[in-house]
Amino acid sequence: MVSYRKFSSSLDARQVFGEMTKRSLYQWNTLLKSLSRDKRWEQVLCHFTQMFRDGEKPDNFTLPVALKACVELRKVKYGEIIHGLVNKYATIGSDLYVGSSIIDMYAKCGRMPEALRVFDELDKPDIVTWSSMVSGFEKNGFPFEAVEFFRRMAMALDVFPDRVTLITLVSASTKLSNSRLGSCVHGLVMRRGFEKDLSLLNSLLNCYAKSRAFKDAVTLFNMMAEKDVISWSTVIACYVQNGAATEALRVFHEMVDNGTEPNVATMLSVFQACAAAHDLDQGRKSHELAIRKGVETDVKVSTALVDMYMKCFSPEEGYAVFSRIPKKDVVSWVALISGFTLNGMAHRSVEGFAMMLRENNTRPDAILMVKILGSCSELGFLEQAECFHSYVIKFGFDSNPFIGASLVELYSRCGSLGNASKVFNEINLKDTVVWTSLITGYGIHGKGTEALETFNHMVKSSKVEPNEVTFLSVLSACSHSGLLHEGLRIFELMVRDYRLAPSLEHYAVLVDLLGRVGELDTAIEITKGMPFSPTPQILGTLLSACRIHQNGEMAEAVAKTLFEMESNHAGYYMLMSNMYGAKGEWDYVEKLRISVKDRGIKKGLAESLIDIKRKVHRFVADDNMHPKKELVYRLLKELDLHMKEDLEDSAYIEFEGDSL
DNA sequence: ATAGGGTTAG
């Protein structure tokens, strides 16, 4: 016998009835109801059983409560027993409340076939019952079936969707990322007179945002008479995800001016926007706001802050925030580790990893491993790579294709193509990324022929399809080896046979290839004919080609355009100085260096430097490319004022590996 | 008198 005194914190009703020896059906029901209101599901089932022992027969008021408890406790077996009980005493069709509770119980426990069987026993399902079915399909990962069921419901003339049904339907459309379906539901929402239902509109807004109907999302947002923090946050996140970070920040300010209080979710998107826009000032201001709102202590918020400072090239500020996180999770460590590498401080990433292992309360996950292997790649330190490799094996990460691909890349960046192909051969499930990594590896070592062979092997003998990145790698390999005709053939293959749309990057590599082999006119033609307007990067490539082929006239024309586009682009100065430097005109280099300093070019400099550092690796690997590699190193040193840390300074760190 | 379905920002 259970003592009711134990639950004295609950309602009076229980205390009163608890003293009685024999309860009436009504009293049992009241007791169960009050227990369910307090979410004491164990107790609900316990008393439900007790009720049986007392010889009381549950009625149509008792059963839904008991079934709800089964759902909450995930006790399908108990639910099945109740279902059997109901069948024994009455037909299910006799009470819709009981019927829909049984359906909902099966649906929520992932047993749609049973739910459907009960549903089909009903004579006249009402809107709640229909909705339970739609929701069941939607929740169990069958959004398509949910929509189909809704269609079936629409055929029945006696039921009309209410706001709950429509919300479920919008959720299904979102899962299908089908904005056309979303707008159909939108129309239905209007016709049914729910055009002022905020949660319904927010769901629709989210549906448009998630199914890449950017314009529809904005239109709906602008039309909404009432907006809450969710509406604003949805739209801010939508802008960020569509690469419109500045716009996202504008909307954020509008929201604040509007008097809507931002919350954790809002701030997360805001920090993402600051990071994407590299807007450190705005980032700092938003950080202060987060402190004022008292949300800085949230792990997600502080992690987003670390990420933001890192992406705004202020690693020390990022590290400061990181140090203050009381309960760091694996995502926080990822932000720190990838952030340091982004800032050209890969050795601090490795130190961070060691620190994490010492603290011994966070287990690295696959994402973290991919990141740290990438950091190690930046270092280009073979012994360190081998150390990480053994760590990967020891903790069983080697079956993950992403990690396999990272290892292939790591070894090739450390100059060990032998190990790279060995790792490659040992990977059981080679996906596109794995194949692409090996191709990239051959590419950066100037082994264009091997890259092409690997590509052909991939296409012919495996079921893996090359993607945009694969083609980028192959093209880039051709470019580094000066394989003009092969490169052009690959480009054609990509467009014609694989129907892949070349991105700006593909054009950039193509221009690079043409430039390297001296086809400067064709390169310029391609730049003009591509479906994008040329970016500073592409013009930079052209400029670099002019440098190699000593075409001063064309170089100046390109440089002029580049300068007009972005007078503060650090890469421009780098390339110009490279060009003059190559001619031995060191006084020009010095002038440019001073000019960089005077103009206070900071934004983008760190990024360019890292980019240049990557290129340095390529130059080093590529013998015939750059006769004076030292030149590049020297320029790097000259311009490295803003970035104190250097790749060579890093120390080798060993991992004991048993710490977790 | 007591009972059944729902979503949305990261």
Side-chain angles (χ1 to χ4, degrees), chain A residues 13 24-37 58-69 71 92 95-105 107-108 115 118-119 122 125-139 146 153 159 161-175 185 189 194 197-210 217 220-221 227-241 248 251-252 255 260 262-273 295 298-301 303-304 307 331:
Chain A
S24 68
L25 181 60
Y26 169 63
Q27 286 165 336
W28 277 112
N29 285 347
T30 318
L31 174 60
L32 290 179
K33 200 213 162 187
S34 92
L35 284 167
S36 95
R37 200 168 44 207
D59 67 358
N60 57 332
F61 291 101
T62 326
L63 292 164
V65 180
L67 285 161
K68 179 93 188 290
V71 170
I92 291 176
D95 190 282
L96 269 180
Y97 284 92
V98 175
S100 70
S101 295
I102 293 172
I103 287 167
D104 197 49
M105 183 271 297
K108 289 221 175 75
V118 179
F119 181 86
L122 302 176
D126 65 358
I127 185 63
V128 176
T129 324
W130 279 103
S131 302
S132 292
M133 288 301 295
V134 176
S135 151
F137 283 120
E138 192 267 334
K139 274 246 172 58
M153 179 192 127
V159 265
D162 63 6
R163 51 187 301 276
V164 176
T165 329
L166 291 173
I167 282 177
T168 313
L169 196 58
V170 175
S171 178
S173 317
T174 311
K175 287 214 173 104
V185 185
V189 167
F194 294 122
D197 192 307
L198 191 54
S199 41
L200 200 37
L201 292 185
N202 280 345
S203 298
L204 272 169
L205 191 60
N206 177 55
C207 175
Y208 288 139
K210 288 273 161 64
L220 171 59
F221 180 74
K227 292 160 188 162
D228 66 358
V229 62
I230 293 178
S231 333
W232 287 101
S233 307
T234 307
V235 115
I236 292 170
C238 182
Y239 275 116
V240 177
Q241 277 146 21
V251 177
F252 172 61
M255 165 185 170
T260 311
N263 63 14
V264 170
T266 326
M267 293 317 291
L268 290 176
S269 295
V270 169
F271 294 136
Q272 268 182 34
V295 296
D298 184 294
V299 200
K300 282 183 182 169
V301 171
T303 301
D307 190 58
V331 188

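The model shown is predicted, which means the values in this text are computed figures rather than measured ones. The figures here come from the full heavy-atom set of this structure, side chains too, leaving out hydrogens, waters and symmetry mates.
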Centroid distance under 5.5 Å and plane angle under 30°, A/F61 vs B/dA3 | no
Under 4.0 Å, counting only non-hydrogen atoms across every strand here, what does [X] touch: a base, just sugar-phosphate, or nothing?
X      : answer
A/I127 : base
A/K300 : nothing
A/T234 : sugar-phosphate
A/T165 : base
A/T129 : base
A/V134 : nothing
A/K175 : nothing

Nucleotide nearest [X] (side chain, heavy atoms from C-beta), chosen from [options]:
X      : options              : answer
A/V164 : B/dA9, B/dG5, B/dT7  : B/dG5
A/Y97  : B/dG6, B/dT8, B/dA3  : B/dA3
A/T168 : B/dG10, B/dG6, B/dT2 : B/dG6
A/V128 : B/dG6, B/dG5, B/dT2  : B/dG5
A/K33  : B/dG6, B/dA3, B/dA9  : B/dA3
A/S171 : B/dG5, B/dG4, B/dT8  : B/dT8
A/S101 : B/dA3, B/dG4, B/dG10 : B/dG4

Answer with yes or no after comparing the ring centroid distance for A/F221 and A/W232 against a 6.0 Å cut-off, counting only values under it.
->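 Between A/W232 and A/F221, which both carry aromatic rings, the centre distance is below 6.0 Å.
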Measure the distance from [atom1] on [X] to [atom2] on [N] and round it to the nearest whole Å.
X      : N     : atom1 : atom2 : value
A/M153 : B/dG5 : CE    : P     : 16 Å
A/D126 : B/dG4 : CG    : C1'   : 8 Å
A/F252 : B/dA9 : CZ    : C1'   : 14 Å
A/L204 : B/dA9 : CG    : C1'   : 15 Å
A/Q27  : B/dT2 : CD    : C1'   : 12 Å
A/D104 : B/dA3 : CG    : P     : 16 Å
A/L31  : B/dA3 : CG    : P     : 14 Å
A/E138 : B/dT7 : CD    : C1'   : 9 Å

Within the modelled atom types, does a donor on one side and an acceptor on the other bring the side chain of [X] and the base of [N] under 3.5 Å apart?
X      : N     : answer
A/D59  : B/dA3 : no
A/S132 : B/dG5 : no
A/S203 : B/dG6 : no
A/N206 : B/dT8 : no

Examine the side chains of A/S233 and A/T266 and answer whether a donor and an acceptor come within less than 3.5 Å of each other.
-> yes
Ignoring hydrogens and angles, state whether a donor on the side chain of A/S101 or A/D104 is under 3.5 Å from an acceptor on the partner side chain.
-> no
Within the structure, does a side-chain N or O atom of A/K108 lie under 4.0 Å from either OP1 or OP2 of B/dG4?
-> no
Return no unless some side-chain N or O of A/K210 is found under 4.0 Å from OP1 or OP2 of B/dT8.
->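 Negative; the distance criterion is not met.
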Residue pair A/L122 / A/I103, side-chain heavy-atom distance below 4.5 Å =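 SC-SC contact between A/L122 and A/I103 confirmed.
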Rounded to the nearest 0.5 Å, how far apart are OG1 of A/T129 and CE of A/M153?
->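 It is 10.5 Å, given to the nearest 0.5 Å.
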Those residues at least two apart in sequence (or on a different chain) that pass side chain to side chain donor-acceptor pair (under 3.5 Å) with A/S231 are A/N202, A/D228
Quick one: ring-ring contact (aromatic ring centres under 6.0 Å, His included) partners of A/W130, sequence neighbours excluded?
-> A/F119, A/F149
